[in-house]
Amino acid sequence: MRAFGKVLVANRGEIALRVMRACREMGIRTVAVYSDADRAALHVAAADEAYRLGPAAASESYLRGDLILDVARRARADAVHPGYGFLSENAEFAEACETAGVIFIGPPASAMRVLGSKTKARQAADRAGMPRVPGSVTGLGSVEEAVRVAREIGYPVMLKAAAGGGGKGMRAVSTEGELAAAFRAASSEAERSFGSGEVYLEKLIERPRHIEIQLMADQHGSCVYLGERECSVQRRHQKVIEEAPSAVVGEDLRRRMGEAAVRLAMSEGYVNAGTVEFLVDEARDFYFLEMNTRLQVEHPVTEMVTGLDLVQMQLRVARGEPLGLRQEEISIRGHAIECRIYAEDPENNFFPSPGRITRLERPGGPGIREDCGVYPGWVVPLDYDPMLSKLVAYAPTREAAIDRMLRALGEYEIGGIRTNLALFRRILKDADFRAARIDTGYLERLLGADASDGREDVPEDVVAVVCALFSLNSQTTPKEADGSRWAAVGRREGLRE
Amino acid sequence: MRAFGKVLVANRGEIALRVMRACREMGIRTVAVYSDADRAALHVAAADEAYRLGPAAASESYLRGDLILDVARRARADAVHPGYGFLSENAEFAEACETAGVIFIGPPASAMRVLGSKTKARQAADRAGMPRVPGSVTGLGSVEEAVRVAREIGYPVMLKAAAGGGGKGMRAVSTEGELAAAFRAASSEAERSFGSGEVYLEKLIERPRHIEIQLMADQHGSCVYLGERECSVQRRHQKVIEEAPSAVVGEDLRRRMGEAAVRLAMSEGYVNAGTVEFLVDEARDFYFLEMNTRLQVEHPVTEMVTGLDLVQMQLRVARGEPLGLRQEEISIRGHAIECRIYAEDPENNFFPSPGRITRLERPGGPGIREDCGVYPGWVVPLDYDPMLSKLVAYAPTREAAIDRMLRALGEYEIGGIRTNLALFRRILKDADFRAARIDTGYLERLLGADASDGREDVPEDVVAVVCALFSLNSQTTPKEADGSRWAAVGRREGLRE
Amino acid sequence: MACSVDGREIEVDACSVGPGVLSVVVGGRQIRCVLDGDAVVVDGRRVEFSRHDPRSWLGLRGAGVGADGPQAVKAPMPGRVIRVLVAAGQEVEAGEAVVVIEAMKMQNELHSPKTGRVARVGVKVGDAVAVGQVLAVVA
Amino acid sequence: MACSVDGREIEVDACSVGPGVLSVVVGGRQIRCVLDGDAVVVDGRRVEFSRHDPRSWLGLRGAGVGADGPQAVKAPMPGRVIRVLVAAGQEVEAGEAVVVIEAMKMQNELHSPKTGRVARVGVKVGDAVAVGQVLAVVA
């Protein structure tokens with residue numbers, strides 16, 4: 001067992017904050033690293049120490065394991081937390097940390113190499129006797145091999161990048177005639193996105209749900225599952241809303257999925273937090289999809305319903321402590337929902353919307369957790385993913401959690417840039433979502449339908465008057481701060497009379 | 001059963017927000033009322049409707065039941081939620097609501113009359129077979145009677161105002177020689193504070209803990225207890241920090257206290273949320289103290305550890321729904337701590353510190369709940385109590401909750417006025433508090449000791465440089481907004497180089 | 001404050017509740033209004049307005065763009081051009097992808113606003129573009 | 001940016017991270033500094049400073065008040081006088097209550113800063129007082 005005095009957080013945004021908060025609560029000093037685009041970022045101002053990595057491009061900063069380890073040495077950090085994305089699933093980096101005598105807070109490189117590769121993980125799943133979607137276990141060598149495998153398992157099928165994620169290099173194929181073109185497109189997209197054109201092929205499950213199991217394993221051979229998350233609300237294969245528990249997972253299914261996930265992880269000597277993703281079909285049969293060998297974006301919903309702190313557990317496990325928690329001690333209580341707030345414009349094709357945040361009014365009160373990575377005045381850079389914050393609502397029931405999230409979204413105001421806040425209101429009011437009739441195609445179908453948010457209209461005359469008040473304002477005192485301009489109008493117009 | 005379409009919230013500040021959030025989540029429209037000091041208060045801007053009551057003084061606004069019921073009629077509100085303080089324990093107001101055909105969200109006036117009076121509640125406690133501190137059950141008629149009762153129960157004794165609260169009209173007396181003077185002082189203070197000079201006398205329990213049981217009862221004869229709260233950290237008999245559960249209450253004691261509290265409430269036909277307060281001595285014997293016939297300030301810690309929403313339960317019970325929750329379904333998980341953030345200066349005798357809030361940086365992230373009643377730009381008025389917000393930390397264990405609260409306090413920045421944030425840091429780092437060696441005298445003892453917050457010092461040269469940066473600034477561009485001034489200095493001085 | 005709108009009198013009580021935020025009470029109804037650039041968010045609903053004519057407001061965002069004459073495809077956000085899918089002189093359908101811009105790790109296709117002929121392409125692969133920059137014109 | 005303090009050179013990198021907030025990095029150490037009126041909160045610690053002499057800073061708040069000569073008891077907050085406990089000419093001990101002010105539902109006793117004789121009482125019961133107003137003077 002090794003005490004941590006100092007942890008380097010090799011990430012940015014909300015997840016860097018999340019990790020630093022856990023460190024601070026455990027009395028561990030934190031080291032931030034930053035690119036030139038991020039000197040004024042929130043994660044820098046939240047750290048005890050901060051070091052520059054390089055230019056804005058991730059490839060010259062947050063992906064530079066060598067520079068990060070150099071900082072770790074200079075700052076005498078005991079360990080590195082990679083967050084998600086960037087170097088979090090990079091086995092070479094995990095190994096380099098080990099070589100440098102710095103603890104990598106994650107699984108051993110060996111387990112990461114097997115379980116983090118989609119094709120190797122599928123082989124491991126087969127060995128562990130875990131049900132998986134029928135299809136090729138290894139990358140396809142040619143179009144001909146793809147045709148042969150597809151015939152075996154039957155159409156429709158799905159082509160997927162072996163190295164990939166986030167929907168890149170994926171193609172659904174319904175007939176043999178489409179396969180060759182789709183194979184080439186998927187492969188070249190995978191090559192461009194991940195540097196490897198390897199693709200594999202799976203039976204396409206109709207209307208599947210994406211449900212995943214959270215695992216936590218220590219270095220002493222203990223591994224527990226912390227329930228499931230329902231992540232079926234996706235756009236372009238990116239999760240948009242996550243929940244725990246899933247409305248379709250009962251105790252028995254949870255136990256079966258959980259035990260299968262634990263078996264897989266244990267078979268490869270997995271340690272630390274990890275997630276096993278499944279597709280669940282309409283008959284509630286589950287199929288192994290892939291494993292994420294790191295902390296997930298959506299870990300907070302699991303924290304809310306289990307009452308545990310996954311990042312603190314990660315830190316404890318990494319420094320050699322036993323889990324100290326038996327499977328039967330873990331209980332799921334209530335319901336949690338997470339919305340990923342992005343700087344993008346749902347009214348305009350979900351285009352990214354970087355720029356300066358001029359206002360930020362954050363929701364609070366009962367059952368609300370916000371993991372925010374930005375502040376008013378911050379200019380959201382173009383160079384990284386557009387996630388601003390994660391909003392989580394917890395309540396005794398799913399219905400109450402949905403209503404609570406709607407209430408919190410109503411309190412959330414982000415000015416200066418466009419965000420997807422309105423999209424969440426639309427989903428959370430949708431009858432299908434409320435009835436938990438969701439699958440991975442749900443959101444695309446909803447977005448294809450006519451929007452009508454059912455909001456009670458403000459009378460037009462009131463809108464006119466409000467606009468007039470603001471206009472009057474801006475003509476007279478154009479350069480003062482908003483607050484004082486308004487106060488001035490209030491006085492002039494006798495608004496308080 | 002009667003549906004609520006609209007609820008009038010007869011309160012202000014964080015508790016008005018808290019109630020409105022519950023209403024919004026349940027699809028109930030909200031009506032705010034405000035005094036002239038509060039037109040720009042947060043609770044007004046959070047409501048669907050808002051009506052003026054009268055001048056700033058509470059006696060001309062929030063205590064005017066007649067005006068409030070007038071608004072309820074005009075706005076066609078179905079019910080009134082009184083919050084805590086103001087009219088929440090006023091049986092006449094509860095009755096007037098009933099007469100006006102508006103539901104009072106609280107207990108029936110009859111139960112309030114008995115259980116809300118300290119002396120009548122003590123008689124009811126005796127009838128219900130509940131242990132209580134030895135002493136007089138009724139108000140003392142004279143000094144002679146006080147002397148007689150004190151001899152019976154033995155010194156030291158405590159004199160208390162029958163109508164009072166908040167430490168007014170209370171005097172500890174160790175010998176008979178002090179009794180006469182203390183009796184007159186307590187009685188006249190009670191007369192001034194509550195309009196009634198009635199005092200009673202109790203055995204003084206040495207180093208007692210203040211521990212209370214949260215109850216919830218429906219209109220159909222069901223009543224459950226939702227665990228206890230530890231409220232021993234007090235200053236001048238005002239709670240400062242509350243926790244759930246108490247470090248000294250195990251399952252057995254919880255059940256015995258809970259069942260006693262339920263028995264008392266049921267004996268008087270109690271309905272809705274209520275709290276039975278106990279003193280617990282060093283032998284862990286408990287004594288009935290009094291009952292609060294309303295929602296408490298500190299209800300959030302109970303919500304965190306039970307996963308329930310007390311205000312939503314209040315609304316459901318008030319509209320006639322059954323609790324739908326059996327005692328054995330209620331579980332306590334993890335640990336929650338609440339800090340009451342006040343506009344007062346702990347470095348200067350805890351003087352109130354009204355004024356304009358110039359900055360407000362609120363903590364967030366895992367396990368943190370903030371129930372805030374203010375916003376940046378708001379001028380905290382002189383006319384009401386100085387509570388700004390309640391900060392609550394939840395974690396799996398008491399130790400982790402304390403460390404989480406310290407982390408959150410470090411993120412909390414309130415500018416323009418003084419607050420008691422630093423006091424909480426001092427308490428939460430104190431060895432006795434961390435070891436749960438607390439009683440109702442704990443905080444006064446701590447405040448009497450030398451302060452040393454154990455904070456690592458910032459090097460003096462850095463402080464000097466920072467002050468220099470700010471100073472340079474203000475000399476050159478005195479009138480711009482802070483942000484742009486700094487940016488200007490950054491450019492001039494090449495700070496980003 | 002009494003206001004007259006289209007000849008009807010309405011009683012409005014407005015109060016600043018923070019920088020850029022008004023609490024407006026009209027007949028008991030409380031409406032929170034937030035200024036965001038040249039738009040006002042009224043009770044959560046976004047309304048663009050013109051500052052220069054107090055009585056004009058354009059209604060909900062995204063309202064009609066005239067379909068006649070040459071129209072520009074403009075960059076809706078800053079980013080980098082990673083693909084140019086059309087050339088000058090080429091016929092395009094309304095909604096057809098014209099240029100792909102990468103920003104914030106996302107590839108964003110920009111579409112032709114109308115069916116017509118590409119009059120001009122203003123960018124090439126690798127170019128950094130600013131908000132509002134003309135990428136192509138369809139006539 | 002290199003700064004010289006008492007002859008020692010230190011390397012400081014300061015950056016604005018929001019209105020009134022600086023992130024200052026000195027030798028890798030990151031310190032969040034917040035401007036609050038005439039004080040700077042440096043890593044959670046409050047430091048009063050004088051804007052007019054960049055090199056002077058007064059150290060922690062509450063530092064010594066000279067004990068010689070007549071001293072005023074001033075109102076630390078606005079409020080209402082509810083009790084006056086001394087009269088001009090009366091002897092008082094250091095720490096003895098002189099006036100009670102009510103503000104925000106709290107009664108606040110104000111104490112004599114020194115042992116001496118009350119030279120003057122400036123208020124009476126019922127008076128509203130402003131911050132800094134002199135309530136009494138002890139000589």
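Because only heavy atoms are used, hydrogens play no part in the values below, and waters and symmetry mates are left out as well, while side chains stay in. Just so it is clear: chains get the letters A, B, ... in the order the sequence lines come, proteins before strands, and each one is counted from 1.
- Residue Arg32(C) holds its CZ atom at 5.5 Å from CD of Glu361(A), rounded to the nearest 0.5 Å.
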| Do Met104(C) and Leu382(A) pass the side-chain contact (heavy atoms from CB on, under 4.5 Å) test, and can you show the C-alpha distance, the side-chain angles, and the key distance before you say yes or no? | CA-CA 5 Å; Met104(C) 304 180 96; Leu382(A) 256 176; 4.3 Å; yes
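- Looking at Glu109(C), the atoms closer than 4.5 Å to chain A (heavy atoms on both sides) all sit in the backbone: N, CA, C or O.
- Legend: residues meeting salt bridge (charged side-chain N to carboxylate O under 4.0 Å, His left out) with Glu344(A), ordered by chain and number and at least two apart, are absent.
- In this structure, the side chain of Arg359(A) engages the main chain of Pro19(C) through a donor-acceptor pair within 3.5 Å.
- Interface summary for chain C: among Gly416(A), Gly415(A), Pro386(A), the most heavy-atom pairs under 4.5 angstrom belong to Pro386(A).
- Contact count against chain C (heavy-atom pairs under 4.5 Å) is highest for Pro352(A) among Ala343(A), Ala58(A), Pro381(A), Pro352(A).
- Evaluation of the salt bridge (Lys or Arg N to Asp or Glu O under 4.0 Å) test over residues 117-139 of chain C, restricted to residues two or more places apart or in two chains, returns Glu91(C)-Arg117(C), Lys124(C)-Asp127(C).
- Closest approach of Asp36(C) and Ile414(A) over heavy atoms only: OD2-O, 4.2 Å.
- Neither the backbone nor the side chain of Leu409(A) has a heavy atom closer than 4.5 Å to any heavy atom of chain C.
- Of the two parts of Ala422(A), neither the backbone nor the side chain holds a non-hydrogen atom closer than 4.5 Å to a non-hydrogen atom of chain C.
- Contact annotation for Asp385(A): both backbone and side-chain heavy atoms come within less than 4.5 Å of a heavy atom of chain C.
- Side-chain contact between Phe351(A) and Leu110(C) is present, with heavy atoms from C-beta onward closer than 4.5 Å.
- Neither the backbone nor the side chain of Tyr342(A) comes within less than 4.5 Å of any heavy atom of chain C.
- Looking at Ser353(A), only its backbone comes within 4.5 Å of chain C, counting heavy atoms on both sides.
- Taking the side chain as every heavy atom from C-beta outward, Pro76(C) and Asn348(A) approach each other to under 4.5 Å.
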